[in-house]
Amino acid sequence: PAPGMESLPEAVLIRILASIPAVDLVLVCRLVCCQWKNLVDGAALWILKCQQEGLTRAESDAENWQNFYFLSKKRKNLIKNPCGEEDLEHWGEVENGGDGWKIEELPGDFGKEFPSEEVRKYFVTSYEWCRKAQVIDLTAEGYWEELMDTTQPKIMVRDWYAGRRDAGCLYELSVKLLSENEDVLAEYKSETVTIPQDNDANWTEISHTFSNYGPGVRFVRFEHGGQDTLFWKGWYGVRVTNSSVTVEP
């Protein structure tokens, strides 16, 4: 009989396996034999796949290359409708103080353009507190339980806020990591940011990274909001846009 694949040098077999889609490697190829299982579970195959697809990291950071590959390929903003392109779609637990939330086009009255041209709209608050939230189901987004419990990849949260030059305003951000039963396992809460009247209307980024948060995280609850400080009827409060939650490789 002709020699089988088991007779191939391991380096050659790794190159062949690296051409196979990652999901098939884990769900199919890993079950073929002990040799293939060891290769799929090892680092060399996934280092090669990362190199082939331009996914880079420092060797000193390497712990689980398979997880790094999947997290890199899956990386995206988990916040839906972050810039108001779909009105208030996907935002829940909405508190509409004053005249409530409104979506406006950038730069808006007495405002400035956003640093990225891709962002064209923002949400704006009124003369009483306006808040809105999203709850992200990590399992539904493809982040499996063993990954979240064992690897505990970093969860990065970002938000952007600005005032308008002719009005002062307040801004707050609150993010919670929740268990399956919605118990709070980790929490970040910003200070109440006060923007004075006659400010420069520049957009400011706020961010926080969750790490080493322990097992059990299944949901991320993102909430932000604010109001103006002059109590003017209409929409003179803080402006927010381009919110993001990402699970980092």
Side-chain angles (χ1 to χ4, degrees), residues 77-137 155-178 182 184 186-210 219-246:
N77 184 5
L78 300 176
I79 292 284
K80 297 178 174 62
N81 185 28
C83 304
E85 296 289 349
E86 303 172 72
D87 198 49
L88 283 169
E89 188 74 22
H90 304 296
W91 291 96
E93 302 177 62
V94 177
E95 181 179 340
N96 280 309
D99 288 321
W101 286 96
K102 185 183 179 186
I103 290 89
E104 295 181 344
E105 299 272 350
L106 279 156
D109 294 338
F110 295 92
K112 287 190 177 177
E113 292 287 359
F114 192 77
S116 169
E117 293 181 359
E118 296 175 359
V119 178
R120 297 181 293 272
K121 295 184 178 182
Y122 58 82
F123 304 89
V124 58
T125 59
S126 190
Y127 59 86
E128 291 179 350
W129 271 96
C130 297
R131 292 183 175 88
K132 59 187 178 69
Q134 270 191 49
V135 177
I136 297 162
D137 184 336
I155 299 174
M156 179 165 280
V157 178
R158 294 185 177 92
D159 200 20
W160 288 81
Y161 64 88
R164 47 184 286 163
R165 289 193 302 273
D166 61 340
C169 60
L170 304 175
Y171 165 83
E172 287 182 358
L173 171 66
S174 173
V175 186
K176 298 176 181 179
L177 305 186
L178 306 176
E182 300 189 3
V184 178
E187 182 175 8
Y188 168 76
K189 187 173 177 60
S190 74
E191 298 179 284
T192 300
V193 178
T194 302
I195 301 174
Q197 192 175 12
D198 302 319
N199 65 86
D200 58 14
N202 283 333
W203 286 93
T204 300
E205 183 183 38
I206 183 171
S207 66
H208 177 75
T209 301
F210 291 97
F219 300 94
V220 181
R221 185 182 184 278
F222 179 104
E223 177 185 295
H224 62 182
Q227 68 171 94
D228 80 44
T229 53
L230 301 174
F231 304 100
W232 288 348
K233 183 169 176 59
W235 297 274
Y236 293 84
V238 73
R239 300 165 171 185
V240 294
T241 194
N242 205 37
S243 311
S244 67
V245 172
T246 54

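Values below: all heavy atoms of this structure, side chains included; hydrogens, waters and symmetry mates excluded.
The side-chain heavy atoms of Phe123 and Trp235, taken from C-beta on, include no pair separated by under 4.5 Å. With contacts defined as side-chain heavy-atom distances shorter than 4.5 Å, the pair Val220/Phe210 does not qualify. You'll find the side chain of Leu177 stays beyond 4.5 Å of the side chain of Tyr188, heavy atoms only.
Between the side chain of Thr229 and the backbone N or O of Gly168 there is at least one donor-acceptor pair closer than 3.5 Å. A donor-acceptor pair under 3.5 Å links the side-chain atoms of Ser126 to the main chain of Gly234, judged by distance alone. Listed for the Trp232 side chain is no donor-acceptor partner under 3.5 Å among the backbone atoms of Gly237. At least one donor-acceptor pair under 3.5 Å links the side chain of Asn77 to the backbone N or O of Val245. Counting only distance, with no hydrogens or angles, the side chain of Thr125 and the backbone of Cys130 share no donor-acceptor pair below 3.5 Å.
Contact record, Gly226 with Trp129: CA-CZ3, 3.0 Å, taken as the closest heavy-atom pair. In terms of heavy atoms, Pro107 sits closest to Arg239 at O-NH1, 3.3 Å. Closest heavy-atom contact between Tyr127 and Gly98: CZ-CA, 3.5 Å. Taking all atoms of both residues into account, the shortest heavy-atom contact from Gly163 to Cys169 is CA-SG, 3.8 Å. When all heavy atoms of Ser243 and Pro82 are compared, the pair lying nearest together is O-CB, 3.3 Å.
Partners of Glu128 according to the side-chain contact (heavy atoms from CB on, under 4.5 Å) rule, which considers only residues two or more places apart in sequence or in another chain, do not exist here. When the side-chain contact (heavy atoms from CB on, under 4.5 Å) test is applied to Pro115, the partners found at least two apart in sequence or on another chain are Trp160, Trp203. Contacts of Phe231 classified as ring-ring contact (aromatic ring centres under 6.0 Å, His included), with partners at least two apart in sequence or in another chain: none. His90 meets the side-chain contact (heavy atoms from CB on, under 4.5 Å) test with Lys80, Asn81, Glu86, Gln134; sequence neighbours excluded.
Between His224 and Tyr171, the two ring planes are perpendicular [angle over 60°; tilted spans 30° to 60°].
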Give the table of side-chain donor-acceptor pairs shorter than 3.5 Å for residues 191-202, with sequence neighbours excluded, one pair per line with atom names and distance.
{"from": "Thr192", "atom 1": "OG1", "to": "Glu172", "atom 2": "OE2", "distance (Å)": "2.4"}
{"from": "Gln197", "atom 1": "NE2", "to": "Asp166", "atom 2": "O", "distance (Å)": "3.0"}
{"from": "Asn199", "atom 1": "OD1", "to": "Ala201", "atom 2": "N", "distance (Å)": "2.7"}
{"from": "Asn199", "atom 1": "ND2", "to": "Arg164", "atom 2": "O", "distance (Å)": "3.0"}
{"from": "Asn199", "atom 1": "ND2", "to": "Ala167", "atom 2": "O", "distance (Å)": "3.4"}
{"from": "Asn199", "atom 1": "ND2", "to": "Pro196", "atom 2": "O", "distance (Å)": "2.9"}
{"from": "Asp200", "atom 1": "OD1", "to": "Asn202", "atom 2": "N", "distance (Å)": "3.0"}
{"from": "Asp200", "atom 1": "OD2", "to": "Asn202", "atom 2": "ND2", "distance (Å)": "2.9"}
{"from": "Asn202", "atom 1": "OD1", "to": "Lys112", "atom 2": "NZ", "distance (Å)": "3.0"}

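Rounding to the nearest 0.5 angstrom, the gap separating the CG atom in Asp159 from the OG atom in Ser207 is 10.5 Å.
For residues 92-104, every residue pair satisfying the side-chain hydrogen bond (donor to acceptor under 3.5 Å, both in side chains) rule, not counting sequence neighbours, is listed here: Glu93-Arg221, Glu95-Arg131, Asp99-Lys233, Glu104-Tyr122.
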